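Right, one structure below, let's go through it.
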2 protein chains.
Amino acid sequence: MSTQRSTPSPAPRRGGATLQQVADAAGVSLATASRVLNGSTRTVNPELSEHVREVATRLRYVSHGPAQALARATTSLVGLLVHDVNDPYFSAVAAGAMRVARERDLLVMVANTYRDPELELDYITRLGAQRARAILVAGSPPVDPALAKPLRERLLDYQQGGGRVVSIGDQGPDIDAVLPANVEGARAAALHLTALGHREIGMVAGPRGLVTIADRSEGFRSGLMDSDGDPVGHEIEGAFTRDGGYDATQRLLAAHPDVTAVFVMADVMAIGALAALRDAGRRVPDDVSLVGFDDLPICADLMPALTTVRVDTEGMGEQAMRMVVSEVQDEGRAVVHSATELIVRGSTGPAA
Amino acid sequence: MSTQRSTPSPAPRRGGATLQQVADAAGVSLATASRVLNGSTRTVNPELSEHVREVATRLRYVSHGPAQALARATTSLVGLLVHDVNDPYFSAVAAGAMRVARERDLLVMVANTYRDPELELDYITRLGAQRARAILVAGSPPVDPALAKPLRERLLDYQQGGGRVVSIGDQGPDIDAVLPANVEGARAAALHLTALGHREIGMVAGPRGLVTIADRSEGFRSGLMDSDGDPVGHEIEGAFTRDGGYDATQRLLAAHPDVTAVFVMADVMAIGALAALRDAGRRVPDDVSLVGFDDLPICADLMPALTTVRVDTEGMGEQAMRMVVSEVQDEGRAVVHSATELIVRGSTGPAA
DNA sequence: CTGTTAGCGCTTTCAC
DNA sequence: GTGAAAGCGCTAACAG
């Protein structure tokens with residue numbers, strides 16, 4: 001576009017001085033400058049070192065990440081795949097992960113996949129292209145092996161290329177994971193409800209294709225099974241959002257007006273369920289008891305406060321990030337379990 | 001650690017094949033392979049192109065981001081500085097920013113600064129070192145120029161190095177910004193309350209050092225000023241969290257038991273305020289009206305639903321990210337305003 | 001403890 | 001339309 005100049009003017013350098021310039025200005029070799037400025041095990045004469053450091057500061061030297069990555073064949077970048085950062089569940093996981101990333105001097109690239117398999121694959125490729133040192137997968141994998149396979153394979157590819165993968169939720173063999181006790185938590189919720197005398201119980205599920213939901217559903221049913229009085233669960237599916245919960249609850253009430261308790265498999269949805277119950281004129285917990293899952297911070301401030309199953313979301317994020325920087329196990333994959341706990345609050349009470 | 005080998009075994013390549021290997025396998029030059037595989041304006045014979053593409057796929061070639069960054073002197077990485085991703089306000093901004101980042105094929109590195117100035121500076125440096133193409137600053141800057149200066153200067157440094165900076169909130173001259181109408185929104189809240197007949201009004205502020213809070217406080221006071229009946233505002237400061245709001249409201253009630261309305265300058269805090277009011281036996285809105293700020297999604301589902309000032313958080317995130325990739329203005333900085341709107345719900349009513 | 005010297009993988013003139 | 005070659009900025013042997 002611009003006219004060619006015969007004397008190539010020294011374009012204003014993009015990122016300050018280069019290491020070479022610092023070395024020259026300090027009267028040392030490139031190697032020495034490198035050693036003092038960018039962490040090396042090799043030791044350098046303290047005085048010289050100090051001098052180089054001064055010159056670097058004066059020249060506003062800033063290391064060139066990409067160049068270092070190229071030379072070192074490794075980066076300090078970690079990818080984090082979430083369904084949606086704007087969902088409190090994932091933002092908590094992200095916050096946990098970032099806390100330890102910060103301690104370890106890692107930069108976190110967050111990718112919102114909107115639960116779109118194509119996007120997920122694409123992001124993994126892009127993170128691989130950036131030579132991210134690791135990828136954290138926070139979203140629940142699909143139950144259907146056919147659907148899970150592409151993701152899993154792409155992850156394995158990436159892993160084989162030298163990257164580390166840690167998943168929150170089971171992505172199958174060879175992929176390290178931290179596993180929330182969804183089954184146990186849901187089971188506890190069921191026992192709680194049946195102990196209160198509930199027999200006709202609604203189950204508001206999120207997308208059944210997700211193992212998270214499948215596990216919670218299964219755990220709840222197993223709890224029902226082991227309770228006296230032959231309690232029965234009526235399951236309905238909804239979108240993984242507030243409105244999805246609202247909508248599903250309406251349908252549940254229409255189909256089974258006699259339920260005295262509802263188990264909603266995610267708090268985001270439970271918020272909608274609470275609204276639906278209210279709009280339907282059902283008092284909580286007097287007419288209908290409500291139990292959620294995840295224990296989002298807002299739960300305690302809902303009216304009534306929501307009984308729910310606590311999941312240590314931040315802790316899982318931290319744990320996953322810790323695994324990323326840990327030594328890889330020689331034998332088999334690393335699996336860490338994260339406990340869940342039933343938190344009883346005001347939204348549950350004895351059956352009417 | 002491991003014993004030195006005389007024959008340096010060809011270590012399993014970290015990221016699959018290199019461009020050179022693809023070129024060789026395809027029987028073309030490195031340059032040609034580069035042209036077909038990584039976007040170039042130069043045109044290549046369609047057949048040859050197709051052939052190279054096939055070979056690349058077969059060899060599982062994945063471009064090497066850092067190497068490209070080095071050669072091109074530019075990256076597709078953007079930094080996003082937030083106080084805390086786990087705060088719904090920031091996670092919404094992040095979600096908006098990521099949506100357009102995705103459209104533009106940009107990867108977003110998110111940094112949690114916990115409102116720590118040191119950390120902020122450090123992250124900017126690190127993002128600069130990674131040669132991030134731009135930095136989005138989402139957190140409110142400090143009011144005190146002395147405190148704002150280091151951040152501002154670091155940002156300017158980065159910008160001078162060729163990076164783009166866009167801030168949500170005013171970081172001063174030369175830094176592009178998207179500015180939420182905090183003053184106007186707060187003003188509207190005041191007018192709403194005084195119109196309902198309130199005269200003794202509590203103001204629960206977040207950290208007064210932040211311009212966001214200062215603006216909201218100022219706007220509210222100006223609204224009070226322009227109202228009839230000489231309404232008076234009692235301001236109290238609290239931490240920028242649910243508990244901060246709870247605590248500050250308790251103190252407010254103790255100091256000014258006669259308030260009939262409370263304006264809380266952030267919804268996160270308003271959630272705590274609502275609880276404090278409830279715990280103090282004040283009915284909302286019968287005894288005390290409550291107005292928040294931000295319009296977090298949960299507001300509509302609180303009991304009562306919270307009257308609040310809507311801020312287009314996601315929209316601001318989108319806008320900011322859009323500015324990042326837009327042409328830089330030749331003259332002066334780019335500033336975009338984002339409107340706010342009072343949303344009246346159940347938490348406000350006529351003065352007792 | 002310090003300097004020399006190969007690259008790391010890719011882009012981009014510049015010739016052909 | 002295609003290839004050869006010169007780097008981009010830095011690290012890591014290797015030799016002194």
Side-chain angles (χ1 to χ4, degrees), chain A residues 2 4-6 8 10-11 13-24 26-52 56 59 61-76 128-131 161-162, chain B residues 2 4-6 8 10-11 13-24 26-52 56 59 61-76 128-131 161-162:
Chain A
S2 61
Q4 188 89 334
R5 236 93 72 55
S6 46
R13 294 214 16 68
R14 161 64 223 260
T18 67
L19 231 206
Q20 181 69 70
Q21 296 176 316
V22 172
D24 291 350
V28 300
S29 74
L30 218 207
T32 299
S34 171
R35 294 197 265 256
V36 359
L37 262 13
N38 304 318
S40 164
T41 48
R42 318 292 265 89
T43 146
V44 173
N45 178 313
E47 292 177 19
L48 229 197
S49 175
E50 182 52 31
H51 178 221
V52 172
L59 263 42
Y61 170 73
V62 178
S63 66
H64 193 297
Q68 289 182 316
L70 187 53
R72 291 180 176 153
T74 178
T75 66
S76 57
Q130 292 302 323
R131 295 303 187 269
Chain B
S2 61
Q4 187 90 334
R5 236 92 73 53
S6 47
R13 293 215 18 65
R14 160 64 225 256
T18 68
L19 231 206
Q20 181 69 69
Q21 296 174 318
V22 173
D24 291 351
V28 299
S29 74
L30 218 207
T32 298
S34 170
R35 296 197 265 256
V36 0
L37 261 13
N38 304 319
S40 165
T41 48
R42 316 289 265 90
T43 147
V44 173
N45 179 313
E47 292 177 19
L48 229 198
S49 175
E50 181 51 30
H51 178 221
V52 172
L59 262 42
Y61 170 73
V62 177
S63 66
H64 193 296
Q68 290 187 160
L70 187 53
R72 291 180 178 154
T74 179
T75 66
S76 57
Q130 292 302 325
R131 295 304 186 270

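Quantities reported herein were computed from a predicted structural model and do not represent experimental measurements. All heavy atoms count here, side chains included; hydrogens, waters and symmetry mates do not. Below, chain A is the first sequence line, B the second, and so on; all start at residue 1.
For the pair B:Val36 and B:His51, the minimum side-chain heavy-atom distance is 4.5 Å or more. In this structure, B:Ser76 and B:Gln68 have side chains that are not in contact, with every pair of non-hydrogen atoms separated by 4.5 Å or more.
Residue B:Arg72 contributes atom CZ, which lies 16 Å from atom C1' of C:dT13 at whole-angstrom precision. The distance between atom CG of B:Leu48 and atom P of D:dG1, rounded to the nearest whole Å, is 11 Å. As rounded to whole Å, 12 Å separates atom C1' of C:dT5 from atom CZ of A:Arg35. Between the CG atom of B:Leu37 and the P atom of C:dT11 there is a distance of 9 Å, rounded to whole Å. The distance between atom NE2 of B:His51 and atom P of D:dG1, rounded to the nearest whole Å, is 19 Å. The separation between B:Gln20 atom CD and D:dA4 atom C1' is 11 Å, rounded to whole Å. Separating the CG atom of A:Leu70 from the P atom of C:dG7 is a distance of 14 Å, rounded to the nearest angstrom. Atom NE2 of A:His64 is separated from atom C1' of C:dC10 by 13 Å (rounded to the nearest Å).
In this model, the phosphate group of D:dG3 is approached by a side-chain N or O of B:Thr32 to a distance below 4.0 Å at OP1 or OP2. Phosphate contact (OP1/OP2 of D:dT11, side-chain N/O of A:Ser34, threshold under 4.0 Å): present. Checking the phosphate oxygens (OP1, OP2) of C:dT11, a side-chain nitrogen or oxygen of B:Asn38 falls inside 4.0 Å. Phosphate contact (OP1/OP2 of C:dG9, side-chain N/O of B:Thr18, threshold under 4.0 Å): absent. OP1 or OP2 of C:dT11 sits under 4.0 Å from a side-chain N or O of B:Gln68.
Across the helix from C:dC1-D:dG16 to C:dC16-D:dG1, the helix axis at one end is tilted relative to the axis at the other end by 30° (nearest 10 degrees, each axis from five pairs).
For the pair B:Tyr61 and B:Val22, the tightest heavy-atom approach, listed with the atom from each and the gap, is CB-CG2, 3.7 Å. Annotation for B:Ala33 and B:Ala23: closest pair CB-CB, 3.9 Å, computed over non-hydrogen atoms. What you find for B:Arg131 and B:Thr75 is that their closest heavy atoms are O-OG1, 2.7 Å. Of all heavy-atom pairs spanning A:Gln21 and A:Leu59, the tightest one is O-CD2, 4.1 Å.
Residue A:Leu30 is classed as a base contact, given a heavy-atom separation below 4.0 Å to a base.
Position along DNA chain D of the nearest nucleotide to B:Pro46 versus B:Ala67 favours B:Pro46 as the more 5'-ward residue. Both B:Ser29 and A:Pro66 sit near DNA chain D, but only B:Ser29 has its closest nucleotide nearer the 5' end.
Considering B:Val52, B:Leu48, B:Val44 in turn, B:Val44 is the only one that fulfils the side-chain contact (heavy atoms from CB on, under 4.5 Å) rule with B:Arg35.
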